[in-house]
Protein chains: 2
Amino acid sequence: GYSNMRRSVLGLEGAAEWPAVRALLPDLSGKRVVDLGCGFGWFSRYAVERGAAGVFALDISEKMIARAKADNGHAAITYQISDLEHLQLPKAVFDFAYSSLALHYIENFAQVIATIHRSLVPGSQFVFTIEHPIYMAPTRPTWTTDAEGRRIWPLAGYSLEGSRTTDWLARGVVKQHRKLGTTLNTLIGAGFAIRHVEEWAPNAEELAANPDWAEELDRPMFLLISAER
Amino acid sequence: GYSNMRRSVLGLEGAAEWPAVRALLPDLSGKRVVDLGCGFGWFSRYAVERGAAGVFALDISEKMIARAKADNGHAAITYQISDLEHLQLPKAVFDFAYSSLALHYIENFAQVIATIHRSLVPGSQFVFTIEHPIYMAPTRPTWTTDAEGRRIWPLAGYSLEGSRTTDWLARGVVKQHRKLGTTLNTLIGAGFAIRHVEEWAPNAEELAANPDWAEELDRPMFLLISAER
């Protein structure tokens, strides 16, 4: 289950895409941060260790919030059980918004993005990651081979947006597939300026240390976006 | 060959993505337009018919420029043979830049984008289309089927940017594959603000009129981008 994943046990350093995410972060010192889908609280703790003035950390899972408080609790972090699908935030109170692999579960994406935009003060950054739509689109998202035996990703239904049900970790997990363009246009429509779009893949050094990551070059699994209010 | 394609014979109306492109265009009346990779000049002519003050229309092909002058000539259009790979443009003289299915042949993309940016006056739009990187990435870009007989697009090498050689129309045509993120980050780096990103697919009405376009829902062929200087 989720608790046994590298990223759950090792924290941020256990996530392959973390160095690329970190490169997108602003200076967190003095920042009032909102962490949307905080999980076990690894990023919230990182933010206060980097000098964040405070972190408002939300997750729908009662168990995760309990463990976040136990393992990554800090006086400057407020952990709260909250369903992002019905996100409500105070207006213009945060200097940085962050979300790791949570927003691809959201059905009402446009409303959540608008809420995040309103919660930030002008000039603030919003950095988030979701599963890449190339990874989410197929109904059968597993590697296959072509007639010559080469590894291919069986892309289909890319433009058919909506629910995708997979059996990852738990049976019947429902994700919301959206085209990359839709994600960007929603941000732009809410008033965000797109600053960086990263379709994560390992670099040469990371590949040398983790040869099995080579398949990530064939199709991206993670999408990292930096936007500015 | 290219001359026999629907879009070459019928002009803009023969291109499936044209209605979506048209929806991204600003009011062209009075605009000084640059058309990069103008082909037979269909868009240049459209622009003057919509009131453009002038069009500077470039294409590398001597034959295409000759036919553009013959079929779509107009006093307000200046057709010129020019290799976009070494694009040179005067500074801050255009109000709108347009390019249809040309920039995915360009190797030195960042330099060309910077040149386009400098050629526009502040507040100008830049609308262009390229082949979608999902379409360009595979070394063998043809539909195949999975074990259950369902149509799949054999995605591979998405993050391996660089040349792709295909035998489309002519043998050994070399295209330059770039990740969608790279295209957007290059625009942002040059100073453009991303306004809209469209991964073209037919709408319900277009599908009803052209049932064979259904495969376009499985993987996008065209990428349409609107940006603002």
Side-chain angles (χ1 to χ4, degrees), chain A residues 20 132-135 137-148 150-161 178-189 192-203 207 213-228, chain B residues 20 132-135 137-148 150-161 178-189 192-203 207 213-228:
Chain A
H132 196 290
I134 287 175
Y135 182 76
T139 44
R140 193 74 52 99
T142 49
W143 293 109
T144 181
T145 49
D146 66 10
E148 283 84 30
R150 285 174 301 205
R151 178 176 59 213
I152 57 171
W153 182 251
L155 189 66
Y158 183 82
S159 292
L160 301 170
E161 302 190 314
R178 275 176 285 271
K179 302 199 280 188
L180 209 168
T182 299
T183 293
L184 297 174
N185 296 336
T186 303
L187 289 162
I188 295 164
F192 281 108
I194 308 297
R195 291 293 174 230
H196 193 84
V197 177
E198 178 112 7
E199 301 175 280
W200 186 82
N203 60 31
L207 265 182
W213 289 3
E215 63 185 32
E216 299 302 320
L217 298 173
D218 277 331
R219 64 93 189 88
M221 181 187 278
F222 303 120
L223 176 64
L224 285 52
I225 294 179
S226 168
E228 184 174 331
Chain B
H132 196 290
I134 287 174
Y135 183 75
T139 43
R140 192 75 52 99
T142 51
W143 293 108
T144 182
T145 49
D146 65 10
E148 284 83 32
R150 287 175 300 207
R151 177 178 57 215
I152 57 170
W153 182 251
L155 189 65
Y158 183 81
S159 293
L160 299 170
E161 302 190 315
R178 274 176 285 272
K179 302 200 280 186
L180 209 168
T182 300
T183 293
L184 297 173
N185 296 336
T186 302
L187 288 161
I188 295 164
F192 282 108
I194 307 297
R195 290 292 174 230
H196 193 83
V197 177
E198 180 112 6
E199 301 173 280
W200 186 81
N203 60 31
L207 265 182
W213 290 3
E215 63 185 32
E216 298 303 320
L217 298 172
D218 277 332
R219 63 96 187 87
M221 183 187 277
F222 303 120
L223 177 64
L224 286 51
I225 294 180
S226 168
E228 184 175 330

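Just so it is clear: chains get the letters A, B, ... in the order the sequence lines come, proteins before strands, and each one is counted from 1. Everything numeric here is computed off the predicted structure, so don't read it as measured data.
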Ranking A/A201, A/A147, A/G157 by heavy-atom pairs under 4.5 Å to chain B gives rank one to A/G157
Highest number of heavy-atom pairs under 4.5 Å with chain B among A/H196, A/R219, A/E215, A/R151 belongs to A/H196
Applying a strict 4.5 Å limit to non-hydrogen atoms, the region of B/T139 in contact with chain A is side chain
Bottom line for B/L160: the part with an atom under 4.5 Å from chain A's heavy atoms is both
**OP:** Over all heavy atoms of both residues, which pair between B/I152 and A/P154 is shortest? Give the atoms and the distance, please.
**Re:**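 That closest heavy-atom pairing would be CD1-CB, 3.7 Å.
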Does some side-chain heavy atom of A/I134 sit less than 4.5 Å from a side-chain heavy atom of B/L155? yes
Bottom line for A/I194: the part with an atom under 4.5 Å from chain B's heavy atoms is both
Practice task
Please state whether the side chain, the backbone, both or neither of A/E216 comes within less than 4.5 Å of a heavy atom of chain B.
Solution key: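 Interface part for A/E216: backbone (N, CA, C, O).
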**Study point:** Under 3.5 Å: donor-acceptor pair, side chain of A/E199, backbone of B/L180
**Key:**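 Side chain of A/E199 to backbone of B/L180, a donor-acceptor pair under 3.5 Å: yes, one is there.
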Just by distance, do the side chain of B/N185 and the backbone of A/V197 share a donor-acceptor pair under 3.5 Å?
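Yes; judged by distance alone, with no hydrogens or angles, the pair exists.
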